[in-house]
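The next block holds one structure in the form of structure tokens; read it before the comments.
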There are 2 protein chains.
Amino acid sequence: MGAIAAQAVTRSVEDYLKAIYRLSTAGQPATTSAIAGLLELSPPSVTGMVKRLSEQGLLAHEPYRGVALTAAGRRLALRTVRRHRLVESYLVAYLGYSWDTVHDEAERLEHAISDELAERMAAALGNPGVDPHGDPIPTADGDIAEVTGVPLSDVPEGVAVEVRRVDEHDAERLRYLASLGLVPGALVTVTGREPFGGPVMLRTPAGTHALGPSLAGDILCGRPAE
Amino acid sequence: MGAIAAQAVTRSVEDYLKAIYRLSTAGQPATTSAIAGLLELSPPSVTGMVKRLSEQGLLAHEPYRGVALTAAGRRLALRTVRRHRLVESYLVAYLGYSWDTVHDEAERLEHAISDELAERMAAALGNPGVDPHGDPIPTADGDIAEVTGVPLSDVPEGVAVEVRRVDEHDAERLRYLASLGLVPGALVTVTGREPFGGPVMLRTPAGTHALGPSLAGDILCGRPAE
DNA sequence: ATCCGGATTTAGGGTATCCGAATTTTGCTG
DNA sequence: CAGCAAAATTCGGATACCCTAAATCCGGAT
């Protein structure tokens, strides 16, 4: 339920919660410096905000150890993630944005739109389950689907798999991946790979290419639907 | 040109400039207390911000006298007005908002959208000249059309005129006016009026009604555009 | 020309968020 | 188990806004 947010939650607060959410779902510990790194802030700033958010019951903070979201913090974080991904989806679907340029716009709009507008966009989009990058969109009541799959870098050779999610924010790299046909839903087959984490050879609808291991690690694949 | 905004302009700054712009186009002097009234702030807060904006060259401030926008301030104000009206237009045209509910949403979004998004919305709308209330939308380079016309309260009897602009923000009153068919573009004829600023009798596509003088004063009419 | 009341500004404070410098804690490591 | 480096926190300070209470200014009324 949107029975959240009795009052104004600042941009900052939402950004902190989102960053902590991101770290914890990435399996990384939400340390002061990790948060500072994501938000491009100094560690003392983070310590200060973490203390405030703990007092508000949004975070559990073990000094010198790290933080975790409380249930309330997680709800707020997911609400922000939902808005972000809905905005990205909407801008791509209806306003001609490409997946590499929506991020910054969504980063600002996610803090400004009302629940009303978020739900109207969701409805216009047909309540999508994933955004243009293949990231799952949390539901309005805070459920979020798991994304399962194997990084393209680990996909066995010769098997046709479907790109499920592209975990990359850099605009230029996103354009590059799109030019290779590596977008959510595309079918890919690994045709060969160099040893020791070298480039991967692959065939996509857009042709045959070599892809470096770091990018290949950002692409989550799975068995083609149906 | 969007050659404005070298750096972040806060919500506050945009709101102050917009309020001052609003006052000056309404022919009212932009005094400290008038600004405070529009923004629902205390006069000392306004004095303080006015000082800061003057230092930034956005306002000309004569202490104890009032303020006026500089060219730079006016450009920023018009940019914000443009965004506001584009957002309102877009939400009404594409997301099912009605003209009485868009204002609050636009009030927040006008500070969050990029030039890019503003222009994409404008393009999607076919670069409209007016918003759903009939207010002119400034162009991207800061030109704004004059709205000319006569308040409905002053329209002579028996002449069919067109509603050009409805200068009202209150949601309930807007719904009421819409229910009477008093929306931009509608044809109205004044069929009679009480003396001494009493109600006006009128005929619209939605029927025949009486309208109080204060609301009638908010409706600007003109000769129908054939 | 003086006075007065309303408008405006100054003074003094408060909150939220950020920073750099200094200090404390933690978890090794020799 | 003492010593250290890295990480985290505390400290002191800055900025941007906002407020109430206390001056101060201005223009009209006497």
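Side-chain atoms are counted along with the backbone in the values below, which use heavy atoms only and exclude waters and symmetry mates. Chain letters run A, B, ... following the sequence lines, proteins first and then strands; every chain starts at 1.
- Side-chain N or O atoms of B/His133 include none that pairs as donor or acceptor with a backbone N or O of B/Glu168 at under 3.5 Å.
- Across D/dC17, C/dT8, D/dA7, the shortest atom-to-atom separation from the side chain of B/Ser12 is found for D/dC17.
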Listing, residues 43-67 of chain B side-chain donor-acceptor contacts under 3.5 Å, not counting sequence neighbours, or none:
unit_1	atom_1	unit_2	atom_2	d
B/Ser45	OG	B/Ser42	OG	3.0
B/Thr47	OG1	B/Pro43	O	3.3
B/Ser54	OG	B/Val50	O	2.8

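- Taking the nucleotide of DNA chain C with the nearest heavy atom to each of A/Val13 and B/Glu62, the more 5' of the two is matched to B/Glu62.
- Side-chain N or O atoms of A/Tyr94 include one that pairs as donor or acceptor with a backbone N or O of A/Ala124 at under 3.5 Å.
- The stretch residues 43-61 of chain A touches DNA chain D through A/Pro43, A/Pro44, A/Thr47, A/Lys51, A/His61, each having a heavy atom within less than 4.0 Å of the strand.
- The phosphate of D/dC18 has OP1 or OP2 within less than 4.0 Å of a side-chain N or O from B/Tyr16.
- At C/dT9, one or more side-chain N or O atoms of B/Thr32 fall inside 4.0 Å of OP1 or OP2 (strictly under the cut-off).
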Would you tabulate the nitrogen or oxygen pairs shorter than 3.5 Å linking the protein to nucleotides 23-29 of chain C?
unit_1	atom_1	unit_2	atom_2	d
C/dG27	OP1	A/Arg65	NE	3.4

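- One finds a side-chain N or O of B/Ser33 lying less than 4.0 angstrom from the OP1 or OP2 phosphate oxygen of C/dT8.
- Distances shown here put a side-chain N or O of A/Ser42 below 4.0 Å from the OP1 or OP2 atom of C/dC19.
- A salt bridge does not link A/Arg173 to A/Asp100: none of the charged side-chain nitrogens sits closer than 4.0 Å to a carboxylate oxygen.
- In this model, a donor atom of one side chain and an acceptor atom of the other lie less than 3.5 Å apart for A/His111 and A/Asp15.
- One side chain, B/Glu105 or A/Ser114, offers a donor N or O that lies under 3.5 Å from an acceptor on the other.
- Between the side chain of A/Thr101 and the backbone N or O of A/Tyr97 there is no donor-acceptor pair closer than 3.5 Å.
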